[in-house]
There are 2 protein chains.
Amino acid sequence: MTAIKESSTRNFNKQISAISCPVTYVMNKIGGHWKPIILYHLSTGQKRYSELRRAIPEITEKMLIQHLKQLQEDNLVLRTAEPVVPPFVTYSLTPAGARLQPVLDAMALWGLDDMAKGNN
Amino acid sequence: MTAIKESSTRNFNKQISAISCPVTYVMNKIGGHWKPIILYHLSTGQKRYSELRRAIPEITEKMLIQHLKQLQEDNLVLRTAEPVVPPFVTYSLTPAGARLQPVLDAMALWGLDDMAKGNN
DNA sequence: ACAAGTACTTACCCCAAAGTATGTATCATG
DNA sequence: CATGATACATACTTTGGGGTAAGTACTTGT
């Protein structure tokens, strides 16, 4: 699981930043190139693993699962597996994940606005 | 600076993600451990370089300037230098930077809420 | 003469995030 | 009997973000 060197200034700073700064706390949860995109695709309804893969062709399987796992640990997405073969796994937003919607919307709004004017 | 290898899948993905996903676009601008904190300190009014340093003692000078530069390039903060000696430099938010306020607030709100309930 | 304050710059190193590539188990279908 | 689909796992390498430490140019205070 990408074992993190517990004794690194790097990680220590990350921790205290997350505790003292709620914005950084959010950043640690939805940061990274792929998480917002995954969250977006799940915001339109639950999806199977393979559906997500096809919806985001640029992402590698490793990255997809890795981030899905982290999002699960962070209690933002829910994994539901049907014990059948071939496997049938669906991912959906948890309530906490759904509550992120206004945040993502606010960000998207600002982003689009900023891209439009480029510089004010 | 930190010269970026232009031909890396890594950076390429970052670029296209930022173009196609406005949320990622925002993330690239205010991501990193220090940027939100710097932005927060500037949101309460313009500050001198040394004031910022004292306000955020954990940050190193290298990181401070590096991020201030990036924030300038991203048109979020404005640098004003009085041509005197000793140097007198103040940093303040640009209109675009100020417009970020509601976004940061939304994030902070969610963050605090999420920290409070931990898991729903 | 020397320390301290101003606002940086520069060289060097480490590490975690991201990418590449391949493997696994099970079943259905041609 | 081999290919494809499902949902992953895992070993290996690269690279960009971040940290450490030291230096620069100029002036004021002691």
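To find a chain, count down the sequence lines: A is the first, B the second, and so on, and within it residues start at 1.
- B/Lys35 comes within 4.0 angstrom of nothing in the nucleic acid, heavy atoms only.
- Contact annotation: B/Ser50 side-chain N/O to C/dG5 OP1/OP2 distance is not under 4.0 Å.
- Between D/dA21, D/dA7, D/dG17, one nucleotide has an atom nearer to the side chain of B/Lys62 than all others, and that is D/dA21.
- Phosphate proximity of D/dT6 to A/Arg54: present, with a side-chain N or O under 4.0 Å from OP1 or OP2.
- Among the nucleotides C/dG5, C/dA18, C/dT26, the one closest to the side chain of B/Arg10 is C/dA18.
- Between the CD1 atom of A/Ile65 and the C1' atom of C/dA17 there is a distance of 17 Å, given to the nearest Å.
- Between A/Tyr91 and D/dC8 there is a side-chain polar atom (N or O) within less than 4.0 angstrom of OP1 or OP2.
- As rounded to whole Å, 17 Å separates atom C1' of D/dC26 from atom CD of B/Glu82.
- Mapping A/Glu61 and A/Pro87 onto DNA chain C via the closest heavy atom, the residue that lands nearer the 5' end is A/Glu61.
- Atom CZ of B/Phe88 is separated from atom P of D/dT28 by 16 Å (rounded to the nearest Å).
- For B/Gln66 and C/dC8, the CD to C1' distance is 13 Å, given to the nearest whole Å.
- Side-chain N/O atoms of A/Gln101 and A/Tyr40 include no donor and acceptor closer than 3.5 Å.
- In this structure, B/His33 atom NE2 and D/dG16 atom P are separated by 17 Å, rounded to whole Å.
- Phosphate proximity of D/dA7 to A/Arg48: present, with a side-chain N or O under 4.0 Å from OP1 or OP2.
- No side-chain donor-acceptor contact under 3.5 Å links A/Trp34 to the backbone of A/Ile56.
- Listed nucleotides: C/dT6, D/dT27, D/dG19. Nearest to the side chain of B/Val85: D/dT27.
- Atom pair B/Leu68:CG and C/dA7:C1' shows a separation of 11 Å (rounding to whole Å applied).
- Side-chain contact, A/Lys29 with A/Gln70: no donor N or O sits under 3.5 Å from an acceptor N or O.
- Here A/Arg53 lies out of heavy-atom contact (under 4.0 Å) with every strand.
- Residues B/Lys47 and B/Ser50 bring no donor and acceptor atom of their side chains to less than 3.5 Å of each other.
- A residue-by-residue look at A/Pro86 and B/Thr60 shows that A/Pro86 has its nearest nucleotide of DNA chain D further toward the 5' end.
- Rounded to whole angstrom, the span from the CD atom of A/Glu58 across to the P atom of C/dA18 amounts to 15 Å.
- When distances run from any side-chain atom of B/Met63 to the nucleotides D/dG17, D/dA11, D/dG18, the shortest one goes to D/dG18.
- Atom CG in A/Leu64 sits about 11 Å away from atom P in D/dA7, given to the nearest Å.
- Among the nucleotides C/dT9, D/dG18, C/dA7, the one closest to the side chain of B/Lys69 is C/dT9.
- Using a 4.5 Å heavy-atom threshold, the side chains of B/Ile59 and B/Arg53 count as separate.
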